[in-house]
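Accompanying notes for the structure given below.
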Amino acid sequence: MINLKKVLIVLILFFVGSEFVFAEEMDVDCSDTLRKGSTGDSVEILQKKLNEYMDCSLDVDGVFGNKTYACVVKFQDRYNLNPDGIVGKKTCKKLNS
């Protein structure tokens, strides 16, 4: 019984620790400017955040296409940012806040 408790405690700590690591990875890198045609991990994180905040139902594929662009414009409009569809420093900071 004691071994089972230890295993459960280790598993719980592992999963709780995983959530903290995941949360850190969810920040969009504000040193990059993201726009139509951008690709990569930063775009995937952007798409996850937009799905979370704006309920855009984007495919998280790391490709900044028309749907991602439209959702960025919607996000910028909602938060009184310049709705240009480009994720620069101001839009990025708002996404990460």
Side-chain angles (χ1 to χ4, degrees):
M1 184 57 101
I2 292 176
N3 287 334
L4 180 60
K5 286 181 181 178
K6 288 181 181 178
V7 169
L8 288 174
I9 289 171
V10 168
L11 287 173
I12 289 169
L13 290 174
F14 172 77
F15 286 113
V16 169
S18 297
E19 289 297 317
F20 289 119
V21 171
F22 182 72
E24 289 176 17
E25 294 174 348
M26 284 298 293
D27 278 349
V28 178
D29 182 2
C30 292
S31 66
D32 295 335
T33 298
L34 302 175
R35 56 175 47 97
K36 260 181 155 177
S38 296
T39 59
D41 294 338
S42 291
V43 176
E44 284 186 23
I45 295 168
L46 168 67
Q47 291 167 329
K48 288 176 187 176
K49 284 194 169 267
L50 289 171
N51 281 339
E52 180 182 342
Y53 297 145
M54 302 302 294
D55 195 31
C56 289
S57 302
L58 298 171
D59 291 333
V60 180
D61 58 6
V63 178
F64 195 133
N66 291 330
K67 289 182 180 181
T68 303
Y69 173 85
C71 193
V72 168
V73 169
K74 183 177 165 184
F75 176 86
Q76 290 170 324
D77 191 50
R78 177 177 289 175
Y79 291 100
N80 298 315
L81 299 164
N82 181 23
D84 59 4
I86 297 171
V87 181
K89 293 208 181 292
K90 289 180 183 177
T91 299
C92 186
K93 286 179 183 179
K94 189 65 177 177
L95 280 163
N96 289 335
S97 66

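Just so you know, residue 1 is the first one in the sequence shown, and it goes up from there. Everything quoted here is computed from the prediction, not taken from an experiment.
- Taking all atoms of both residues into account, the shortest heavy-atom contact from C56 to N51 is C-OD1, 3.7 Å.
- For P83 against D77, the heavy-atom pair with the smallest separation is CB-N, 4.4 Å.
- No side-chain donor-acceptor contact under 3.5 Å links K48 to the backbone of V60.
- Under 3.5 Å, the side chains of Q76 and D84 contain a donor-acceptor pair of N or O atoms.
- Heavy atoms only, all atoms of each residue included: D29 and S31 are closest at OD1-OG, 2.7 Å.
- The neighbour count for K67 NZ, taken as heavy atoms of other residues, nucleotides or ligands under 6.0 Å away, does not exceed 12.
- Under a hydrophobic-cluster definition in which Ile, Leu, Val, Met, Phe, Trp and Tyr are linked whenever side-chain heavy atoms come within less than 4.5 Å, directly or via other members, V63 and L58 are assigned to different clusters.
- Remark: the backbone N or O of T68 is not paired with any side-chain donor or acceptor of Q47 at under 3.5 angstrom.
- Atom CG of D61 sits in a crowded spot, with more than 12 heavy atoms from other residues, nucleotides or ligands closer than 6.0 Å.
- The distance from atom NZ of K89 to atom OG1 of T33, rounded to the nearest 0.5 Å, is 6.5 Å.
- Using a 4.5 Å heavy-atom cutoff, the side chains of T39 and F64 are not in contact.
- Atom NZ of K49 sits about 6.5 Å away from atom CG of L95, to the nearest 0.5 Å.
- For the side-chain contact (heavy atoms from CB on, under 4.5 Å) with C92, the qualifying choice from D32, L34, D27, V87 is V87, the only one to do so.
- Nearest heavy-atom pair, I86 versus T91, reported as atom, atom and distance to 0.1 Å: O-OG1, 3.8 Å.
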| task | For side chain to side chain contact (heavy atoms under 4.5 Å, CB included), just list the numbers for V72 and L46, CA-CA rounded to whole Å, side-chain angles, deciding distance to a tenth of an Å, and then say yes or no. | result | CA-CA 9 Å; V72 168; L46 168 67; 4.3 Å; yes
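- More than 12 non-hydrogen atoms from other residues, nucleotides or ligands lie less than 6.0 angstrom from NZ of K36.
- The shortest side-chain heavy-atom distance between R78 and Y53 does not fall under the 4.5 Å cut-off.
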